[in-house]
Structures are given as C-alpha cells and as structure tokens.
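In what follows, a single structure is set out as structure tokens and then discussed.
Below, chains carry the letters A, B, ... as their sequence lines are ordered, and counting in each starts from 1.
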Number of protein chains: 2
Amino acid sequence: MNNELEAYISTYFGVVRPKEIKAISDLFQLTSIKKGAYFLKAGKKSERLSFVQSGLLRVFVQTADKEVTQWITTKGQFATDLSSLVFDSPARWDIQALVDTEMYSISKADYEKIGSLIPEWHLLEKLFIVRCFTMMEDRIFSHLSMSAEERYQVFFENNAALFNEVPLQYIASMLGMTPETFSRIRKKIAN
Amino acid sequence: MNNELEAYISTYFGVVRPKEIKAISDLFQLTSIKKGAYFLKAGKKSERLSFVQSGLLRVFVQTADKEVTQWITTKGQFATDLSSLVFDSPARWDIQALVDTEMYSISKADYEKIGSLIPEWHLLEKLFIVRCFTMMEDRIFSHLSMSAEERYQVFFENNAALFNEVPLQYIASMLGMTPETFSRIRKKIAN
DNA sequence: TTGATTTCTTGATAAATGTCAAGCGTCAAA
DNA sequence: TTTGACGCTTGACATTTATCAAGAAATCAA
C-alpha cells in the first residue's frame, strides 16, 4: 500500500511501528469517485471510512428550504458520517465528490479489525476523535463570538487554496452565510 | 460508591458487568464546589473529569470584548476541557459553578487507569466521545441553518427547566445571541 | 468555438440582530 | 427597611445579514 496513506496513519493516529502501519494500510483500498458521484447518501448507513488522497468531497444536507454545506473534505482529511459508521444509524449527511476524487477507503468490517491488530488502537482512535471534537468546539465558538466577516477571514487564512477549487457558495454555506454576503465580504476585503 | 454514578457509567459508557462498574465508580470521588468557585481555569491544565450530580457549571471564555458562554453543564453531563485532559494542553475554557454543585470527579491519573481495569474501555470511551462529536455536529448545523428564534425554540424544547435555574444571559450567549435579542424572542413567543 | 448552464456579483430593499441607554424588579446585605 | 447589585426588559437606533432580481462572468458540453 501507499506511502502517503502510511503517513496519514502515522500522523493522525500516532501509530509508530512500521509493521503495524503496514498492517493497517493493507486494509485500505485506493478507490476513485467521479465528480458528482456520492460517497454517502443521507438515510443510508455509512459503511466506509475514507481518507481523501486527491480531490474534494462536500458534506451537506438538504433541508426543506435550502441545502446546507456542513464541511468540505480536502486532501488528508477523513470522510464518513462518524455516528452512522460507529452506531449503524442512518447517515445524516450526503457526501458527494466536487471533483474526481481518490481516497483510501476501508470497510466498517475491516476498520473494526484494526483493534485486534494493534493493542492500543482504540486509544489512538480516541485521541483522533478528541482532536475532531476540539475542532468542532472551535467552530461553535466562531459562531458564538464572530461576525460573518471574521469567520471569513479566519477560514481564508487557513484554507486559502480552497477558494480557487470549489464553488464559493459552498464555502459561504459552511461558514453560515449567504453567497451574496460572502461576495460582498470578498469585495470589501479586496479594497 | 453511589448508585447514581454507577448508572452514569452504565448509561454513558455501556459498561455492563457489575464488578467493572464498581471498579470504575470506586475511582471517582464525590466532591462539592460552591457557587462561584472555579472547577477549571483557562490556561491551566485540566486534571480532572467530572460528572455533575447536582447543580450547574458554566463553561465559558473571556475574549477581548466579551464573555462567551460555550455550554452549561447540567446533572448527568460531564465537565472538563477534553483536549486539555487528553493532551495535557492548556485549558481553553473557564468552568465555574453557577450554584453549589456536587460532582463525581476523577483525576487524570485514575482516569487513565480504567483502561487497564476494563479490556474494552477505550472502545467504550470512543463511543462516548463519538456521541459528543455528533452533538457538536448538530450544534454547528443549528448555526448554519437556523435563525436565533429557531435556535431558541429548539433549545427550549429540550431544556425548559434550565430557564428557571440560570441567568438567561448565559443561555443567550451559548445560543449565539445577545441578551436583548433573547428577551425579545421570549416576549414574542409569550404572545 | 458557441451556446447553455452555472456561478458570482451588484443594487435595492427588507428583515434580523446588535448596541446603547434607561428603567424596573428582585434579592440580599447593611 | 433601605440600598445597591444584578439581571431582565424595553425603546430608539445602527449595523449586519438576508432576500429578490438582474446582469456579468466563468465553466462546461456539444
């Protein structure tokens, strides 16, 4: 399996022994998904966990009156509906490829095998999820304390490249504003 | 140790064997904290994980221009700065008792012992944190898709009792609005 | 390349929310 | 009982953000 995947496993989960990294990475398959195709449909069970190798996925949900983009998954990030994967509940998000996308993907069954391969796996996994939880705390804080313009600024500083790669309306939605507001903020900042 | 704590351990973590529940609960101490006292100070390391048995804690942060309430912890909920507890990083939140509060509290050192007492502990812990993560997803979604009034309604439906127990300004803050907006929403709904 | 489609921008206006200041009620300490 | 602190409400007004509609720009497919 691939060096880049092994780097993810090492970086995100802190697995250090090469044999173990190899054992985990062998459970992943490199899979491709075409632009517009769905990695996950809301209502279905999430059967796979994936790490994006190249390309982009959009996590969103269709509400009665609008579509809400919850996140855009970029290279190196994981994609799944975590609660659906873990609890076998119906997925709450649609996940769709914004461009042709390659990812390292593992089935739920194989994912659950990792625990028996690596003694401290559930601990490492816990640490990974705590990091995710902490990012969510930060994101909530941004909505409690910042204006739309401030949220734009912070996100742009950390994700500038994304602004050339996806329809801006999706970034607007995931920052909690309309495309028009987003556009006006950009205009204001440009001057 | 106490039946109520054992119920939390059973409910939140899914520990089933009575001996194990007992072993875990014995590591907790019932501790009291007076109204206004701090359970955690931002910048310090979070050394304890606690479950509120009675009373209320407010999780907040002081920014340059205002104080932001991130959460109010009620009976049965856990209190800590999770990332600080897990990674030994400085706490990002202040946690202060809103009223005299009793909680079952465990030190980080004892907490980390649980893994050696119960084989599947890290798995159970993971499931617990995934549930927390999912709640954060929902909360972010509420900020991406709902107005202040809708957030008020949803929160009120699920936490009506809290409205008689804490200064409403704190609820306003944790829902991402000013006390004045909060007050006007209440007036509107009353009519 | 061209036409169709989608996305982005802009203006006008409306609605939601924030800010500031004042006043009122409640509660507890003096 | 009074006084002061605190929290809530209200009004006037400002600012932010959303909505709607139109057109410009970019992208995609034939």
Inset, instruction - Starting at the 5' end of nucleotides 23-30 of chain D, put B wherever the base has a protein heavy atom under 4.0 Å, S where only the sugar-phosphate does, and a dash everywhere else. - result: -----S--

Legend entry - Residues in ring-ring contact (aromatic ring centres under 6.0 Å, His included) contact with A:His143, at least two apart in sequence or another chain: B:His143

Inset, instruction - With a 4.0 Å heavy-atom cut-off, tell me which residues in residues 146-182 of chain B come close to DNA chain C, sorted by residue number. - result: B:Ser147, B:Ala148, B:Gly176, B:Met177, B:Thr178, B:Glu180, B:Thr181

Inset, instruction - Round to a whole Å and report the spacing from CD1 of A:Ile189 to C1' of D:dT16. - result: 15 Å

Legend entry - Rounded distance in Å - CZ (B:Arg184) to C1' (C:dC20): 11 Å

Legend entry - nucleotides 22-27 of chain C: protein proximity per nucleotide (B base, S sugar-phosphate only, - neither; heavy atom, under 4.0 Å): ------

Inset, instruction - Measure the acute angle between the ring planes of B:Phe163 and B:Phe182, then classify it against the limits of 30° and 60° as parallel, tilted or perpendicular. - result: parallel

Legend entry - A:Thr181 OG1 to A:Arg186 CZ distance, which is reported to the nearest 0.5 Å: 13.5 Å

Inset, instruction - Would you kindly say whether B:Ser142 and B:Arg151 are connected by a side-chain donor-acceptor distance under 3.5 Å? - result: no

Inset, instruction - For the pair B:Glu102 and B:Lys75, find out whether any cationic side-chain nitrogen is under 4.0 Å from an anionic carboxylate oxygen. - result: no

Legend entry - B:Phe28-B:Tyr111 aromatic ring centre distance below 6.0 Å: no

Legend entry - Lys/Arg-Asp/Glu bridge criterion (N-O < 4.0 Å) met for A:Arg184, A:Glu180: no

Legend entry - Spacing of A:Lys188 atom NZ relative to D:dT17 atom C1', expressed in whole Å: 12 Å

Inset, instruction - May I ask you to say whether B:Glu125 pairs ionically with A:Lys126, meaning some side-chain N is under 4.0 Å from a carboxylate O? - result: yes

Inset, instruction - Establish, from distance only, whether the side-chain atoms of A:Arg58 and A:Thr69 form a donor-acceptor pair under 3.5 Å. - result: yes

Legend entry - Test: A:Lys22 and A:Glu6 ion pair at under 4.0 Å: no

Legend entry - Partner residues of B:Trp121 under the ring-ring contact (aromatic ring centres under 6.0 Å, His included) criterion, sequence neighbours left out: B:Phe13

Inset, instruction - Take atom CZ of A:Arg186 and atom P of C:dC8, then tell me their distance rounded to the nearest Å. - result: 8 Å

Legend entry - B:Leu57 and its side chain to side chain contact (heavy atoms under 4.5 Å, CB included) partner, picked from B:Gln96, B:Met103, B:Gln77: B:Met103

Legend entry - Side-chain donor-acceptor contact under 3.5 Å, B:Ser84 with B:Ser46: no

Legend entry - Angle between terminal axes - the helix from C:dT1-D:dA30 to C:dA30-D:dT1, 5 pairs each end, rounded to 10°: 40°

Inset, instruction - Return the value, rounded to whole Å, for the distance between atom CD1 of B:Ile185 and atom P of C:dA15. - result: 17 Å

